[in-house]
Each structure stands twice: as C-alpha cells, then as structure tokens.
Amino acid sequence: MTDKNITSLTIRQPDDWHLHLRDGDMLRAVLPETARHFGRAIIMPNLIPPVVTAEQAVAYRDRIMAALPQDSTFIPLMTLYLTEETDPDDVAAAHAEGIATAVKLYPAGATTNSASGVSDFNKVRHVLEKMAEIGMPLCVHGEVTNADVDIFDREAVFIDKVLKPLRKKVPDLKVVMEHITTQDAVDYVRDTPKNLAATITTHHLIINRNHILVGGIKPHYYCLPVAKRELHRVALVQAAISGDKRFFLGTDSAPHTDPAKLQACGCAGCFTATNTMSCLAEVFDAAGALPKLEAFSSLNGPRYYGLEPNARTITLTKGEPVSYPSAIPTPDGPVTVFNPGFDLHWSVQTN
Ligand code: NCD
Ligand code: ZN
C-alpha cells in the first residue's frame, strides 16, 4: 500500500506541547476540546495575573483538574511564567516536586498578556543557569519586540539577537523554540545538534499571510507569531513531516471570544484544539507522509521532555468530510474554531 492509499492509521495518543486554556468560564468551555483527543498538554501561564510561582501553578492545575470532563485521563503539564523577579529556588522546587514541567519566556510585550515578561536577559541568567543544572526546559516565545523591527522579521531577528547569544551563555539549557513560523527557525534548529527543539502549530502548517490579508482581513487567522510567506509555510511542513526528532506539535490553540477578535484592535490567537488532529492528518496525507504523523504529534515531544509516549492510542479514519462545530459557546460569546479552508476527511477515535 502506498502512503497515498492509507485510509486508517492508529498512533499513540498525541500531546500538545503548547496550549492556552485560560481560566474560569473560558477554561471550562475549551478544556474538553483538548481533552477529547490529547493525552497531555503544556499549559501556557499567560493568565492575568500570570502564573509565576509554584504556588500559583498548583492552584491553576487544581482549577484545570476540576474543569475536566468526568473519566478524562488528560494530564496538564504546568509552566511558570519567567519574570525578572523569578526565584531560581522556587523554580527548582516546582520542578523537583513535579509541579512545573517547564518555564516560559515571553519577551516583554511580545504577545497577549506578556507585559510581565523579560526585558533584560541578564536579570534572568541565574534562573536559566539553575534550569540548565536541573534539566528543566525553557519554552521560548521567539520574537523581538523592538518597534523598529518589522513584525514579519521578528522571529528571524530574535534568533540572531537573543537566542544565539543566550544559548552561548547557557549552552546546557534545554530550549524549545515555540510556534516557529520561518525557514530561518527551521534551519537554526536543524543546524543545532543539542538542547534545541521547536514546536509547530497546526495553523502555521496550513495558512500563509495571504490567508490573513487577501480579499479582506480575516481576524480568525491573526495570531502571533503572525503567519509568514508561503515559502516559510512549506519549510514548516517539510520539518513537520521529516520525522526529525527536534520538531513536534504545539498547537498554540489560543481561545478568544469573537467579540474580542472582531474589533478595531482584535486579539491574536487561532483556536485549533477542536479539529487539530483531523487538520494534521489532512496535511500529512496531502504530503504523502502519514506514517510520519505519529512522530510529530505523539513521539518526538515526550522524547525531548524525557517522558514516555502515551500508552493509549487513537485511530484516524479517512472517509466522508467530518463536521466540527464552527464555534464553541462561552458565556462571553462564541470562540470560533479554526477553519482550515478545506474539507477534513479524517475522523478521530480514541481507543
Ligand atoms: C496567544 C494568546 O492569545 O495567549 N496568542 C497567539 O496569537 N498565539 C499568545 C501567544 O502564544 O503568543
Ligand atoms: Zn501561545
């Protein structure tokens, strides 16, 4: 059977290595969307106020567990939001006690709720050194925030101006460059033999910047980092389907209500939790690379984090187009589900 003729695929249950769940009503609305197909997820700490301390991470994890559907086996893997005041001992204790899996670095002002992020990297060096010592990964939002750098260049400039110097100063630090969007990032990860991996989102494998801007502005395709030219999207697909262990899925599913997105200054974020596995199967199928989907969604991530793959499996089956809800209701308005712009033929069953 050639790859093109595959109509059924059973793989280890996937994990999401970058997810926004928010809190309160939004958390309760979106969590079941992820818990339906995914075994675990790295939970982003950019709440208001952010999840900075071990104590806050425990409280947030408790709220997530309380919001889980009954019988769900989903496990949230918590992160701590790195600030210039972060205490290295608190981070180390959170890691040792299994409270926090990773630390998240937002350059100050880079994206939604990132005002408490880092401006002066020298001020967090002692935290990074401690993390290197204990083998705790740093998840990085890789964009500079300088007003004079074009938004489409912010990731490439970040690699040169921030990431390379940082990795030189703390070479033993395990880094995840998150939601990469450029050929530059793919090349940098490929050229780096140790302590660097990258997550790729569902939407960046599907849209380029034309999808956002041609024929009228499409707020539901606006996210950060913003989608780039087609050549970059193609580079991301090549990385995802390559089987290279340094690339894995982090959806960056980032729910905002329609009222928050559809306004003069709309929020950044694509909500892909609901239909990600069907979207990915479609992308890998189109590339003739379905046998590589499991590595990307279910094996490479746990390997980098030093965890076992999930014991459960899911089965993807190709057939008539699958329908997903176009939006998830919340008390503050609907959250629109990512529209890939093509039919989804792959249904998902958890075993
Ligand atoms: C994220 C959010 O809404 O929290 N938005 C996004 O566009 N991805 C923040 C982020 O991860 O950049
Ligand atoms: Zn994110």
Side-chain angles (χ1 to χ4, degrees), residues 15-24 26-27 29-31 33-34 38 41-51 60 64 76-82 101-118 137-145 151-152 154-155 158 162 176-182 185 198-207 209 211-212 217-228 236 248-263 265-273 276 301 328 330 332-333 335-338:
D15 300 306
D16 185 348
W17 299 95
H18 180 129
L19 176 68
H20 298 270
L21 287 176
R22 318 298 189 205
D23 218 338
M26 181 64 98
L27 167 64
V30 300
L31 178 59
E33 300 303 299
T34 287
F38 290 87
I42 284 273
I43 311 301
M44 287 296 119
N46 63 331
L47 305 182
I48 309 170
V51 181
Y60 185 31
I64 294 169
L77 303 173
M78 308 309 290
T79 58
L80 298 176
Y81 185 119
L82 183 63
T101 301
V103 169
K104 172 73 190 225
L105 165 66
Y106 288 103
T111 185
T112 311
N113 306 339
S114 61
S116 319
V118 175
L138 178 73
C139 297
V140 177
H141 182 111
E143 289 190 290
V144 295
T145 53
I151 191 164
F152 290 101
R154 288 180 172 198
E155 182 172 289
F158 183 89
V162 181
V176 182
M177 203 182 166
E178 300 193 283
H179 42 51
I180 60 168
T181 58
T182 57
T199 58
I200 303 177
T201 76
T202 311
H203 51 286
H204 288 118
L205 293 172
I206 294 173
I207 61 165
R209 62 196 199 180
H211 292 84
I212 313 171
I217 193 157
K218 314 289 190 325
H220 292 301
Y221 289 147
Y222 172 60
C223 67
L224 288 170
V226 71
K228 310 296 191 298
L236 297 174
F248 44 88
L249 174 64
T251 66
D252 195 14
S253 181
H256 294 278
T257 63
D258 283 0
K261 285 205 63 88
L262 308 178
Q263 57 164 297
C265 185
C267 293
C270 295
F271 180 69
T272 54
T276 274
I328 303 300
T330 82
D332 298 320
V335 173
T336 292
V337 174
F338 177 71

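Numbering starts at 1 and runs along the sequence shown. Each ligand, and each atom within it, is numbered from 1 in the order the structure gives.
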Apex the Zn ion (ligand 2); atoms H20 NE2 and H18 NE2; angle rounded to 10 degrees: 100°
Ignoring hydrogens and angles, tell me if any N or O in the side chain of [X] forms a donor-acceptor pair with the backbone of [Y] under 3.5 Å.
| X | Y | result |
| --- | --- | --- |
| Y222 | A227 | no |
| H256 | A268 | yes |
| T257 | G333 | no |
| K261 | V335 | no |
| H204 | P225 | yes |
| E155 | T181 | yes |
| T79 | I43 | yes |

At under 4.0 Å between heavy atoms, is it the side chain or the backbone of [X] that contacts ligand 1, or both, or neither?
| X | value |
| --- | --- |
| R22 | side chain |
| C223 | both |
| E178 | neither |
| M44 | neither |

Side chain or backbone, does [X] bring an N or O within less than 3.5 Å of an N or O on ligand 1?
| X | answer |
| --- | --- |
| K104 | no |
| A254 | no |
| H20 | yes |

Proximity winner for atom 6 (C) of ligand 1, if only heavy atoms of L224, V226, T251 are counted: L224
Shortest non-hydrogen contact from E178 toward H141: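 Shortest heavy-atom separation between E178 and H141 comes out as OE1-N, 4.1 Å.
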The Zn ion (ligand 2) reached by H179 (N, O or S, under 2.8 Å): no
N, O or S of H141 under 2.8 Å from the Zn ion (ligand 2):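 Not a single backbone or side-chain N, O or S atom of H141 is under 2.8 Å from the Zn ion (ligand 2).
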Proximity flag H203 to ligand 1, non-hydrogen atoms under 4.0 Å: no
What is the closest protein heavy atom to [atom], and at what distance does it sit?
| atom | answer |
| --- | --- |
| atom 9 (C) of ligand 1 | T111 OG1, 3.2 Å |
| atom 5 (N) of ligand 1 | A268 O, 3.1 Å |
| atom 8 (N) of ligand 1 | D252 OD2, 2.7 Å |

Interfacing atoms of ligand 1 (cut-off 4.0 Å, heavy-atom, H141): 12 (O)
Ligand-residue contact atoms, ligand 1 with H18, heavy atoms, under 4.0 Å: 11 (O)
Mutual orientation of the aromatic rings belonging to Y81 and Y106 [parallel < 30°, tilted 30-60°, perpendicular > 60°]: tilted
Ring geometry between W17 and F248 (parallel below 30°, tilted from 30 to 60°, perpendicular above 60°):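 F248 and W17: perpendicular rings.
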Side chain to side chain donor-acceptor pair (under 3.5 Å) between T182 and K228, intermediate numbers included: CA-CA 7 Å; T182 57; K228 310 296 191 298; over 6 Å; no
Which atom of D252 approaches the Zn ion (ligand 2) most closely (N/O/S): OD1
